[in-house]
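Here the structure comes first, spelled out in structure tokens, and everything after it is commentary.
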Amino acid sequence: MFQQFIDGLGDLKHKPVALKQVKKILKIEEKSLPKNITNYFVEFTKHTSHKWQRKDKMIFIWTTLKYLERQGRTDLKPNDDDWIALSEILGAPPELLNSKWIGMLKTDLKQSPWTIEEDELLKKVMTQKFISWTHVALEYNRISPIMRHAKQVRERWNNYLDPDLNKFPWSEQEQIQLLQLVQKQGKKWSVISKQIKGRTENQVKNAYNSLINSYRRNHMQTLDSDDIIVSKLLSKLDPPHKQANANTPMIQPLPTFQQQLLMQALFIERFKSMAFFAQLPGFLAAQQQQS
């Protein structure tokens, strides 16, 4: 399909791309695009589902620009139909091409704060089911006047909009759970956040750093490592299961066979002593007065 596309370009195939105009829209540093596109395409097909190399981006940009140029378009804003057509030409999924294109746009989206209107649109999108955040971003960008990268969409939802998000201060139980998980699994915030209900990666990391930094401020002379500080913090906190045990009556263990024999021997000796004293007149008189 790619070769058919090349053959159908005619003279456009040899016409240089106006990079000055393209660089106003896309983040590219190249001074020129490759001339032997066919060789580049052979390399491109090996990376359609993996991390793209420089050559992959160049063939993608060149093909997209020539596709739009053949249609007489200068807006450089491919739509859903365009991505489907380019997908057939390049042999890559349309959502992948759309995501890569958005990632190369020269915009200030990373610095642009989210608006209330954008939040509402994202909430609407998230009522549907998607297989990846790339698909979520594609649907969001389809209905939003402001485009957002998949990473931005994911972080906005996970850190701010998710209704299951716990925004309350950390409880002592959560702090204990966090420290115990760090002891067992290390500082794997993504893994740990999945085990503490309603807490995001950022919340988990910030809570841990807050605990460690607070300890260091209160112990200015300490040279303890983070691992040692975690152990000391856990020793000071009262885990919930200890509090539960404190309110639970102790169950006395059953005596062993040897202990039973000893108790029987002591009882017999005491009984003999009582029988001996019972024979004395003074003991009998005292017992009668008490009764």
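Numbers for residues simply follow the sequence, beginning at 1. These values consider heavy atoms only, across backbone and side chains, with no hydrogens, waters or symmetry-generated copies. Given the structure is predicted, the values throughout are model-derived calculations rather than measurements.
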(request) Treating Ile, Leu, Val, Met, Phe, Trp and Tyr as nodes and any side-chain heavy-atom pair under 4.5 angstrom as an edge, say whether Trp157 and Phe130 lie in one connected cluster. (result) yes

(request) For residues Leu211 and Trp170, determine if any side-chain heavy atom of one lies less than 4.5 Å from a side-chain heavy atom of the other. (result) no

Tell me which donor-acceptor pairs under 3.5 Å the side chains of residues 188-196 have, and how far apart each pair is, sequence neighbours excluded?
unit_1 : atom_1 : unit_2 : atom_2 : d
Ser193 : OG     : Trp189 : O      : 3.2
Ser193 : OG     : Ser190 : O      : 2.9
Gln195 : NE2    : Gln185 : OE1    : 2.9
Gln195 : NE2    : Val191 : O      : 3.4

(request) Could you walk me through whether Ile229 and His219 pass side chain to side chain contact (heavy atoms under 4.5 Å, CB included), step by step? (result) CA-CA 10 Å; Ile229 293 177; His219 303 79; over 6 Å; no

(request) Kindly compute the distance separating NZ (Lys66) from CZ (Arg70), expressed to the nearest 0.5 Å. (result) 11.5 Å

(request) Indicate the atoms forming the closest heavy-atom contact of Leu178 with Tyr208, along with that distance. (result) CD2-N, 3.7 Å

(request) May I ask you to check whether Tyr140 and Glu118 show a side-chain donor-acceptor distance below 3.5 Å? (result) yes

(request) To the nearest 0.5 Å, tell me how far Gln180 CD sits from Leu234 CG. (result) 5.5 Å

(message) One thing to verify: whether Lys197 and Asp164 come together as a salt bridge, which I'm taking to mean a side-chain N less than 4.0 angstrom from a carboxylate O.
(response) no

(message) Could you check whether Glu117 and Ser144, counting side-chain N and O atoms only, form a donor-acceptor pair closer than 3.5 Å?
(response) no

(message) What's the separation between atom CG in Leu90 and atom CG in Leu96, rounded to the nearest 0.5 Å?
(response) 10.0 Å

(request) Would you confirm whether Asn98, through its side chain, and Pro94, through its main-chain N or O, come within 3.5 Å as a donor-acceptor pair? (result) no

(message) Please give me the minimum heavy-atom distance between Pro145 and Leu121, naming the atom from each residue.
(response) CD-CD1, 4.4 Å

(message) With rounding to the nearest 0.5 angstrom, report the CG to CH2 distance, Asn141 to Trp101.
(response) 14.5 Å

(message) Whether the side chain of Gln203 engages the backbone of Thr200 through a donor-acceptor N/O pair (distance < 3.5 Å, no angle test) should be reported.
(response) yes

(message) If we ignore hydrogens and angles and just use 3.5 Å, is the side chain of Asp82 paired with the main-chain N or O of Asn79 as donor and acceptor?
(response) yes

(request) Measure from the side-chain N and O atoms of Glu155 to the backbone N and O of Gln152, and report whether any donor-acceptor pair falls under 3.5 Å. (result) no

(request) Check step by step if side chain to side chain contact (heavy atoms under 4.5 Å, CB included) holds for Arg148 and Ile146. (result) CA-CA 7 Å; Arg148 295 287 185 179; Ile146 301 177; 4.2 Å; yes

(request) Work out which heavy atom in Gln183 is nearest to a heavy atom in Ser231; give both atom names and the distance. (result) NE2-OG, 3.3 Å

(message) Rounded at 0.5 Å granularity, tell me how far CZ in Phe60 sits from CG in Leu65.
(response) 9.5 Å

(request) State whether the side chain of Glu174 and the backbone N or O of Ser171 hold a donor-acceptor pair below 3.5 Å, judged by distance alone. (result) yes

(request) Using a cut-off of 6.0 Å, state whether more than 12 heavy atoms not belonging to Tyr160 lie near its atom OH. (result) no

(message) Using only atom types and a distance under 3.5 Å, with no angle test, would you say the side chain of Ser210 pairs donor to acceptor with the backbone of Ala207?
(response) no

(message) Between Val153 and Trp114, is the side chain to side chain contact (heavy atoms under 4.5 Å, CB included) condition met? List the steps.
(response) CA-CA 10 Å; Val153 172; Trp114 285 70; 4.3 Å; yes

(message) Between Lys187 and Asp226 (salt bridge meaning N to carboxylate O under 4.0 Å), is one present in this structure?
(response) yes

(request) Quick one: pull up CD1 in Ile143 and CG in Leu122 and give me the separation to the nearest 0.5 Å. (result) 9.0 Å

(request) Say whether, by atom type as modelled, one donor and one acceptor occur between the side chain of Arg156 and the main chain of Asp119 under 3.5 angstrom. (result) no

(message) Keeping Asp162 on the side-chain end and Asn158 on the backbone end, is there a donor-acceptor pair under 3.5 Å?
(response) no

